[in-house]
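FYI, the numbering just counts along the sequence from 1. In this text, all values refer to a predicted model and were calculated from it rather than measured experimentally.
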Amino acid sequence: LAVVSTPERAVSISHHLRLSIELFPLVLLAIGSVFSTIQKHYATFMLAGVSGLAFGGVSIAGRAIIFSHPYLHILTDPLIAAIIGYGLCGILFFTIALQRASASAVNAAMIACETLFPILIGLILLGDHPSHNLWAVVAAGIVLTFCGTVFVALHAETTK
């Protein structure tokens, strides 16, 4: 995936997409809270996935911020609050997942979601595209990432 990545610029996004990015940490908090109460193997990987979505949300929100002079105005941008919310959700649910399963399996699920979520959002909503239009490489990277994560999750030992 890194081979076909291209540098992208901040793009002007619709009000609805911006609002969705700003509020999505609350959705992740609700989903993660539900899975944190479930003591099943699948719930652990859902928590790892939610943490990956949250960390991926940091990059999406960061990409949506448009800096202007004076730079201190950025502190009042709701996207900064969203970045903090994403980061806190990511750390919270990653920590809970690590207490339930092996670090390798939890990291695999978290990194896969942290990588694939922003790629898909970028391609679908932000107008991103692969270098030299190598869509087959993107598709192969997504499939291999997903399959590798599932393989690690299925073969991981739980600590509880």
Side chain to side chain contact (heavy atoms under 4.5 Å, CB included) between Ile80 and Ile65, worked out: CA-CA 8 Å; Ile80 293 296; Ile65 292 176; 3.7 Å; yes
If you round to the nearest 0.5 Å, how far is [atom2] of [Y] from [atom1] of [X]?
| X | Y | atom1 | atom2 | answer |
| --- | --- | --- | --- | --- |
| Ile96 | Ile91 | CD1 | CD1 | 12.0 Å |
| Ile31 | Phe24 | CD1 | CZ | 6.0 Å |
| Cys89 | Phe94 | SG | CZ | 15.0 Å |

Side-chain contact test, heavy atoms from C-beta onward, threshold under 4.5 Å: evaluate it for Ile142 versus Leu120 and give yes or no.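 Touching, per the 4.5 Å side-chain cut-off.
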Compare every heavy atom of [Y] with every heavy atom of [X], then report the nearest pair and how far apart it is.
| X | Y | answer |
| --- | --- | --- |
| Pro25 | Gly85 | CB-C, 4.0 Å |
| Val138 | Pro130 | CG2-CB, 3.6 Å |
| Phe93 | Leu29 | CZ-O, 3.8 Å |
| Ile74 | Ile66 | CD1-O, 4.3 Å |
| Thr149 | Ala109 | CG2-CA, 3.6 Å |
| Leu47 | Gly32 | CD2-O, 3.4 Å |

Using modelled atom types and a 3.5 Å cut-off, is there a donor and acceptor pairing between side-chain atoms of Tyr86 and backbone atoms of Ser59? no
In this structure, would [X] and [Y] fall into the same cluster of hydrophobic residues linked by side-chain contacts under 4.5 Å?
| X | Y | answer |
| --- | --- | --- |
| Leu28 | Tyr42 | yes |
| Val58 | Ile84 | yes |
| Met110 | Leu144 | no |

With Leu126 as partner, the option from Asp128, Leu123, Ile124 fulfilling side chain to side chain contact (heavy atoms under 4.5 Å, CB included) is Asp128
With respect to Thr145, which candidate in Leu116, Val150, Ile111 satisfies the side chain to side chain contact (heavy atoms under 4.5 Å, CB included) definition? Leu116
Apart from Leu26 itself, what residues make up its hydrophobic cluster, given side-chain heavy atom links below 4.5 Å?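 Once heavy-atom contacts under 4.5 Å are chained together, Leu26 belongs with Leu19, Leu23.
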Filter on side chain to side chain donor-acceptor pair (under 3.5 Å), then keep only pairs touching residues 19-33, sequence neighbours left out; what's left? Arg18-Glu22
Using the side chain to side chain contact (heavy atoms under 4.5 Å, CB included) rule, take Ile121 and Ile21 through it: C-alpha gap first, then chi angles, then the decisive distance, then the call. CA-CA 11 Å; Ile121 295 298; Ile21 293 169; over 6 Å; no
